[in-house]
Amino acid sequence: MLASTCPNLVEVNLAGCILVGDPAFEAIGSYCKALEHINASDTELTDSGLVALSEGCVGLTFVSFAGCFGVSNVGRSAVVRNCKNMAIFSVR
């Protein structure tokens, strides 16, 4: 997986990648600790993937997951709780 070979990745745009789901976001959370900006709009992201992402990438400042219908208050709360530097949090 790409995430395991890019530990210094700071920005990723996966918007519209409709086949990308929680396993990818869990891998990003595990390997890309320097990540600051992620656009996951219109992917298969759910609460599980968002929780793992927010626990692994605590330096996130921008997260967008518009159109990710599997994300609820559980996932949104995890981002708010874990990512203290969050500046832009887009759900639309």
message: Would F25 and L14 count as a side-chain contact (heavy atoms from CB on, under 4.5 Å) here? Give the steps.
response: CA-CA 10 Å; F25 295 104; L14 297 169; 3.8 Å; yes
task: Could you go through the side-chain contact (heavy atoms from CB on, under 4.5 Å) check for N39 and V12 one step at a time?
output: CA-CA 7 Å; N39 186 343; V12 65; over 6 Å; no
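Here the straight-line distance linking atom OG of S30 with atom CD of E55 works out to 10.0 Å at 0.5 Å rounding. The line from CG of L9 to NZ of K33 is 13.5 Å long, rounded to the nearest 0.5 Å. Summarising the geometry, atom OG belonging to S54 is positioned 6.5 Å from atom CZ belonging to R81; distances are rounded to the nearest 0.5 Å.
Side-chain polar atoms of D47 and S72 form a donor-acceptor pair below 3.5 angstrom.
Residues P7 and Y31 have side chains not in contact (no heavy-atom distance under 4.5 Å, counting atoms from C-beta outward).
Panel note: side chain D22, backbone T46; a donor-acceptor pair is recorded below 3.5 Å.
In this pair, H37 and F62 present their aromatic rings parallel. The plane angle is below 30°, not in the 30 to 60° band.
E26 and A52 make their closest contact through CG-CB, 3.6 Å (heavy atoms, listed as atom of the first residue, atom of the second, distance). Scanning both residues, V79 and M86, for their nearest heavy atoms gives CG1-CE, 3.6 Å. Smallest separation of non-hydrogen atoms from C57 and C32: SG-O, 3.2 Å. Residues V51 and G75 share a closest heavy-atom pair of CG2-CA, 4.3 Å. A pairwise comparison of heavy atoms in L35 and E11 identifies CD1-N, 3.7 Å as the closest pair.
Listed by chain and number, the residues in a side chain to side chain donor-acceptor pair (under 3.5 Å) with T43 amount to none (sequence neighbours excluded). Every residue was checked against the side-chain contact (heavy atoms from CB on, under 4.5 Å) condition with A87, not counting sequence neighbours, and none meets it.
Placement of V74 and L60 in two distinct hydrophobic clusters is found when ILVMFWY residues are connected by side-chain heavy-atom separations under 4.5 Å, directly or transitively. Linking Ile, Leu, Val, Met, Phe, Trp and Tyr residues whenever their side-chain heavy atoms come within less than 4.5 Å places F89 and L50 in a single cluster.
The residue from V20, V71, I38, L53 that alone fulfils the side-chain contact (heavy atoms from CB on, under 4.5 Å) condition with L45 is V71.
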